[in-house]
Colleague: 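Structure below; questions to follow.
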Amino acid sequence: LGILEELSRSFARSTGVVVAYTDLGTRPDHIRVVTEEGWSVLWNEEDNTEKQIRRLVSVLRGNIRDDRSKLDYIDLRFDDRVYFKRKASK
């Protein structure tokens with residue numbers, strides 16, 4: 001499980017967001033990173049980690065820059081597409 005530790009370090013170093021924990025997703029090649037802010041990121045272990053981090057940083061600095069408190073998850077598992085979901089309003 002060294003990949004989970006390396007992913008956590010790269011994630012925190014690149015985004016400045018603290019990782020609460022990581023775990024394997026619903027498939028063996030999918031990894032979930034859960035942040036201390038309460039949102040998560042879904043990764044594809046088979047895709048290039050640095051490429052996924054660049055896409056993540058781009059989304060964090062762009063689409064959801066000032067609104068992470070309402071973020072549920074970011075999904076990086078699908079090639080060059082990034083999906084994200086906001087939490088339902090209460």
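Sequence positions, counted from 1, serve as the residue numbers for this chain.
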Colleague: For residues Glu45 and His30, determine if any side-chain heavy atom of one lies less than 4.5 Å from a side-chain heavy atom of the other.
Modeller: no
Colleague: Measure the shortest side-chain to side-chain distance between Val19 and Glu36 over non-hydrogen atoms and say whether it is less than 4.5 angstrom.
Modeller: no
Colleague: Starting at CG of Leu42, measure out to CZ of Phe84 and round the result to the nearest 0.5 Å.
Modeller: 14.0 Å
Colleague: Would you compute the distance between atom OH of Tyr73 and atom OG1 of Thr35 and round it to the nearest 0.5 angstrom?
Modeller: 15.0 Å
Colleague: Angle between ring planes, Phe11 versus Trp39, binned at 30° and 60°: parallel, tilted or perpendicular?
Modeller: tilted
Colleague: Can you find a pair of side-chain heavy atoms, one from Leu71 and one from Lys87, that are under 4.5 Å apart?
Modeller: no
Colleague: Rounded to the nearest 0.5 Å, how far apart are OG of Ser10 and CD of Gln52?
Modeller: 11.0 Å
Colleague: Going from CG on Asp72 to NZ on Lys85, what distance comes out if it is rounded to the nearest 0.5 angstrom?
Modeller: 5.0 Å
Colleague: Are the side chains of Val41 and Leu76 in touch, meaning some heavy atoms are under 4.5 Å apart?
Modeller: yes
Colleague: Going from CG on Asn44 to NZ on Lys51, what distance comes out if it is rounded to the nearest 0.5 angstrom?
Modeller: 9.5 Å
Colleague: With hydrophobic residues grouped by side-chain heavy-atom distances under 4.5 Å, do Val57 and Val17 end up in a single group?
Modeller: yes
Colleague: Would you kindly confirm whether Val59 and Ile31 end up in one hydrophobic cluster when ILVMFWY residues are joined by side chain heavy atoms under 4.5 Å apart?
Modeller: yes
Colleague: Identify whether Leu60 and Tyr83 are in the same connected component of the hydrophobic contact network (ILVMFWY, side-chain heavy atoms under 4.5 Å).
Modeller: no
Colleague: If you measure from the Lys or Arg side-chain nitrogens to the Asp or Glu carboxylate oxygens, is any gap between Asp47 and Arg55 under 4.0 Å?
Modeller: yes
Colleague: A quick test of your reading: do over 12 heavy atoms of other residues, nucleotides or ligands sit less than 6.0 Å from NZ of Lys70?
Modeller: no
Colleague: Is any side-chain N of the basic residue among Arg32 and Asp23 closer than 4.0 Å to the acidic one's carboxylate O?
Modeller: yes
Colleague: Find the distance between CG (Leu56) and OG1 (Thr15) and round it off to the nearest 0.5 Å.
Modeller: 6.0 Å
Colleague: With heavy-atom distances below 4.5 Å as the criterion, would you say the side chains of Ile74 and Ile64 are in contact?
Modeller: yes
